[in-house]
Amino acid sequence: MQALLDIYMAKNSRHVVPSPSGWSVVKAGASRASRTFEKQSEAISYGKEQAKKNNGDLYVHRKSGTIRDRTSYKK
Amino acid sequence: LAFDKNVFINCPFDAEYIDILRPILFCVLALGFEPRIALERADGGENRIDKIVGLIQDSRFGIHDLCRLKAKRKGEYFRLNMPFELGMDFFCKKTGEAPHDTKKILILETERYRYQAALSDIAGSDIGVHKDDPLTACTEVRNFLAQELGNGTPGPSWIWARFNEFMADNYDDLTARGFSPDDIKNQPVGELIDCMREWVAAKMPKF
């Protein structure tokens, strides 16, 4: 259980998620989206940029919230 | 009291609906309530009607999704379990003594007016419309439960963001435990609820 908690707390991830007006990039734990785009491809590009800059992970979600793709940019 | 926190979820149990069910379950747990659903435990020896009656009697809140009231394909049967169980919940609310007379019911549907033709007894009721969209379903459930919680309830976008974080963490955890993508997609609902409950307790910021 502790190991699981450690994994949870160590996350530095960005999520590309559906939003009412398109696709948003949300940092894990943030109250608001960093940015919202009309197209998922635009959100992915921005999310990738942010994940690389912060040595984090990028999760691309489907409309259902399930994971379409996960990429780690940790150095 | 458990009764005041229990939310009976009456919905289709098919492969398509799981995409709507996941955010509904998560929203209920994230707001401090307890989802109660026929799939929460598998016991072949348990009588189905007895189980449903027990869940209805134990729950102050009922979420009833009637989205399968119209067959999609020629020859497909109507799905009558959901309206049947909605009727049972209404009966419990209307005829029951305290605390059952305090029950609150949310009816969900894909479209706004279809149910009035199919189930005219409730034609005057307000319903929530989710358009088969998981985010919209999550928002409808959040708005329903927020009436109980009042000011300070997190917004729909906040809950949706946390749900997506949970889905990512659950994906990583299940993958590490040897689940294939299909296993993850078909994670049993009882197990999924347990994972959500654990995540909400360990990771979700307090509001």
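Quick note on labels: first sequence line is chain A, next is B, and so on, each numbered from 1.
- Between chain A and the options B/K185, B/R162, B/M204, heavy-atom pairs under 4.5 Å are most frequent for B/R162.
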Practice prompt. Dump the intermediate steps for ring-ring contact (aromatic ring centres under 6.0 Å, His included) on B/F61 and B/F33, then the final yes or no.
Written response: CA-CA 10 Å; B/F61 302 93; B/F33 294 87; 5.3 Å; yes
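- Contact annotation: the side chain of B/P83 never approaches that of B/L69 to less than 4.5 Å [non-hydrogen atoms, C-beta and beyond].
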What donor-acceptor contacts under 3.5 angstrom involve side-chain atoms of residues 135-143 of chain B, with partners at least two apart or in another chain?
residue, atom, partner, partner atom, Å
B/T136, OG1, B/D133, OD2, 2.5
B/T139, OG1, B/L135, O, 2.9
B/R142, NE, B/P154, O, 2.8
B/R142, NH2, B/T153, O, 3.4
B/R142, NH2, B/P154, O, 3.2
B/N143, ND2, B/T139, O, 3.4

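- Listed by first and then second residue, the side chain to side chain donor-acceptor pair (under 3.5 Å) pairs that reach into residues 15-36 of chain B are B/E16-B/K72, B/Y17-B/D65, B/D19-B/R22, B/E34-B/R197, B/R36-B/E40, sequence neighbours excluded.
- Partners of A/Y73 by ring-ring contact (aromatic ring centres under 6.0 Å, His included), not counting sequence neighbours: none found.
- The pair B/K93-B/D89 fails the salt-bridge criterion, with no side-chain N (NZ, NE, NH1 or NH2) lying under 4.0 Å from an Asp/Glu carboxylate O.
- Residues of residues 30-51 of chain A having a heavy atom under 4.5 Å from any heavy atom of chain B, listed by number: A/A30, A/S31.
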